[in-house]
Amino acid sequence: MAPENWRLLLEGLRLTLWLSLTSIAISLVIGTLIGVLRVSPIAPLRVVATGYVELFRDIPLLIVLFFIFLGLPKAGLRFDPIQSAVVGLSVYTAAFVAEVVRAGLQAIHYGQIEAARALGLTYIQMMRYVLLPQVFRNVVPPLGTVFIALVKNTSVASAISVPEVMLQAETIEGRTFNPYSFLIAGLLYLVLTVPLSALVNAAEQRLRTHRAT
Amino acid sequence: MMDTALAPPVTRPLRRRLALRLPEGWQALLGALIVLGLIPILFRMDPARFKPFFYDIQASGTLAERPFTGEWWWAWRFLANGLGTTVLVALLSILLSLPLATVFALLRLSAPLPLRIPAVLLIEGIRALPVLLFIWFTFRFLARQGVELAVMWPVVIALTLYTTVVNAETLRAGILALPTGQMEAARSLGMSYFQAMGYVILPQTFRHMLPPLIAQFVTLLKDTSLGYIVGLRELTRHAEILYQGQRNPMETIYVVALIYFILNYLLGQLALWVHRRLD
């Protein structure tokens with residue numbers, strides 16, 4: 001492949017990495033919030049959070065991106081393609097993060113909640129100082145799986161003309177008529193996803209030995 | 001489970017006042033409908049822009065691709081056509097993937113090393129890559145080879161490939177979850193390995209793995225929307241044709257999101273129902 005095409009792919013890789021990291025950070029914040037609301041003792045909040053999770057699990061990411069990129073300008077909210085991709089990927093992935101956080105919260109022993117409340121901590125303090133720190137340690141492996149899916153999902157942003165790896169591969173294929181450019185793009189995705197899944201496995205291993213002792 | 005709240009006993013009185021006695025599935029539906037109801041208000045959607053879904057669209061002109069009937073349900077029928085392709089592609093992919101997935105699961109579980117290593121590499125490699133990449137590669141590769149196929153087939157092939165490796169892992173987990181006594185009993189009755197698999201192990205595995213297989217079908221239905229990118233005329237593409245004619249992208253995409261939601265919500269509930277019946 002010509003050096004020019006390598007340059008395009010590497011630029012795409014940089015953007016894919018940037019999209020992934022930004023969306024991981026934002027979806028972690030939104031997802032934790034929704035996950036906490038998902039087990040809230042206040043029923044209306046719990047219902048809306050449950051609905052949010054159900055909704056984004058049932059709608060394709062492409063539709064979410066189209067709604068943000070093509071639909072929202074009609075409501076006066078104009079995002080450029082990269083901003084649309086970050087917003088779309090974040091609100092979509094937040095639903096999956098929320099489920100992981102909820103499972104982590106419900107896995108914590110009831111005694112912890114009773115002890116925290118007996119010490120006079122409010123619900124919010126209990127979440128912040130007792131439950132969430134434990135949750136985040138336990139949910140590293142499933143969160144990693146969610147974020148691997150996020151890295152792969154950044155490829156969908158090519159549909160709204162974000163010049164990430166997939167779109168660059170399409171451009172190169174259109175120019176060179178060589179479909180193997182997609183496989184080279186695939187290698188670049190592996191560069192991102194394989195270390196991530198190795199990290200997930202290592203975290204899982206550590207947790208297992210930690211629990212065993 | 002009745003209710004997912006993490007309420008400590010000390011707040012019982014408060015909790016009783018706010019308790020909502022709704023099963024999880026209904027809670028999810030109610031919540032999703034609230035969120036879906038808030039979206040048009042939040043983004044100030046104009047009811048008039050939903051026109052093609054409720055009124056005669058004769059006045060706003062025709063869409064070039066089909067003879068125009070002028071009936072109010074025209075837009076719905078057009079979307080239903082697209083939905084038909086979406087469901088067809090997803091069904092074909094999952095049905096084609098099942099036999100392949102069984103082969104891959106068995107290769108990974110019990111084949112000799114020279115066969116097992118490529119199977120493991122293939123499964124792990126494909127799972128680490130985006131589905132869209134396979135759709136593009138299959139589509140362009142077949143085109144460059146001069147193979148003339150409807151655009152549906154590259155999409156079906158790519159989705160089948162991806163679903164195969166995911167289902168292979170599901171089936172492998174299902175086989176491993178069975179008590180080893182099942183295999184031992186079958187073998188000691190004089191069955192060969194394949195007879196034991198075919199008559200004893202796999203029928204039980206498929207039964208137990210029905211809920212995750214239905215869940216995978218939901219993922220697949222969502223992934224067929226990626227076929228839009230290579231020009232497959234499924235639900236998303238039909239929505240695009242509609243809103244390009246009507247200039248109402250926000251409202252049309254909203255309606256299509258609703259269609260995906262209803263379909264996948266029902267499938268998700270089906271998976272839960274099957275799961276409860278199996279227990």
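So you know, we letter chains A, B, ... as the sequences are listed, proteins then strands, and number each from 1. Quick note: numbers below take in every heavy atom, side chains included, and nothing from hydrogens, waters or symmetry partners. Predicted model, so just to flag it, every value in this text is computed and none were measured.
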(message) At a 4.5 Å cut-off on heavy atoms, which part of B:Tyr243 comes close to chain A: side chain, backbone, both, or neither?
(response) side chain
(request) Output the distance between atom CG (B:Asn264) and atom CZ (A:Arg57), rounded to the nearest 0.5 Å. (result) 11.0 Å
(message) Within this structure, what is the CG-CG distance for the pair B:Leu36 and A:Leu55, rounded to the nearest 0.5 Å?
(response) 4.5 Å
(request) Flag yes if more than 12 heavy atoms outside A:Ile124 fall under 6.0 Å of its CD1 atom; otherwise flag no. (result) no
(message) If you define the side chain from C-beta out and look only at heavy atoms, does anything of B:Arg144 sit under 4.5 Å from A:Glu173?
(response) yes
(request) Identify which part of A:Ser197 has an atom lying under 4.5 Å from any heavy atom of chain B, answering side chain, backbone, both or neither. (result) neither
(request) Output the distance between atom CG (B:Leu258) and atom CD1 (A:Ile59), rounded to the nearest 0.5 Å. (result) 8.0 Å
(message) So which residue, A:Val151, A:Val194, A:Thr193, ends up with the most heavy-atom pairs under 4.5 Å with chain B?
(response) A:Thr193
(message) Tell me whether B:Glu24 is salt-bridged to A:Arg38, with the criterion being a basic N under 4.0 Å from an acidic carboxylate O.
(response) yes
(message) Under 4.5 Å from any heavy atom of chain B, what part of A:Ser158 do you find: side chain, backbone, both or neither?
(response) side chain
(message) Would you say that more than 12 heavy atoms from the other residues, nucleotides or ligands in this model lie under 6.0 Å from the CD of B:Glu148, or not?
(response) no
(message) A side-chain contact here means heavy atoms from C-beta on lying under 4.5 Å apart; do A:Leu72 and B:Met250 qualify?
(response) yes
(request) Specify whether B:Trp136 and A:Phe182 have parallel, tilted or perpendicular ring planes, treating 30° as the upper limit for parallel and 60° as the lower limit for perpendicular. (result) parallel
(message) For the interface with chain B, which of A:Ala185, A:Ala159, A:Gly71, A:Ser181 has the highest count of heavy-atom pairs at distances below 4.5 Å?
(response) A:Gly71
(request) Determine whether B:Leu29 and A:Glu54 make a side-chain contact, defined as any pair of heavy atoms from C-beta on separated by less than 4.5 Å. (result) no
(message) At a 4.5 Å cut-off on heavy atoms, which part of A:Leu70 comes close to chain B: side chain, backbone, both, or neither?
(response) both
(request) Pick one of side chain, backbone, both or neither for A:Leu192, based on which atoms fall under 4.5 Å of a heavy atom in chain B. (result) neither
(message) Tell me which of these, B:Leu129, B:Ile39, B:Ile259, B:Val131, has more heavy-atom pairs under 4.5 Å with chain A than the rest.
(response) B:Leu129
(request) Among the options B:Met45, B:Lys222, B:Glu251, pick out the one with the most heavy-atom pairs lying under 4.5 Å from chain A. (result) B:Lys222
(request) Counting only heavy atoms closer than 4.5 Å, note whether B:Leu133 contacts chain A via side chain, backbone, both or neither. (result) both
(message) Before we go on, tell me: are the rings of A:Phe66 and B:Tyr228 under 6.0 Å apart, centre to centre?
(response) yes
(message) If I take atom CH2 from residue B:Trp26 and atom OG1 from residue A:Thr50, how far apart are they, to the nearest 0.5 angstrom?
(response) 15.0 Å
(message) Using the rule given for side chain to side chain contact (heavy atoms under 4.5 Å, CB included), can you reason through A:Ile63 versus B:Tyr260, listing the C-alpha separation, both sets of side-chain angles and the distance that settles it, and then say yes or no?
(response) CA-CA 9 Å; A:Ile63 294 286; B:Tyr260 275 112; 3.8 Å; yes
(message) Once rounded to the nearest 0.5 Å, what's the spacing between atom CD of A:Glu170 and atom CD1 of B:Ile229?
(response) 7.5 Å
(request) Please report the shortest heavy-atom distance between B:Ala128 and A:Leu190, naming the atom on each side. (result) CB-CD2, 3.6 Å
(request) Could you pull out the closest heavy-atom pair between B:Val35 and A:Tyr52, with the gap in Å? (result) CG2-N, 4.1 Å
(request) Inspect the surroundings of CZ in A:Arg78 and state if more than 12 heavy atoms from other residues, nucleotides or ligands are less than 6.0 Å away. (result) no
(request) Mind checking the NZ-CZ spacing from A:Lys152 to B:Arg127? Nearest 0.5 Å is all I need. (result) 8.0 Å
(message) Minimum heavy-atom separation for A:Ala75 and B:Phe43, please, with both atom names.
(response) CB-O, 3.3 Å
(request) Answer yes or no: does atom CZ of A:Phe136 have more than 12 heavy-atom neighbours from other residues, nucleotides or ligands under 6.0 Å? (result) yes
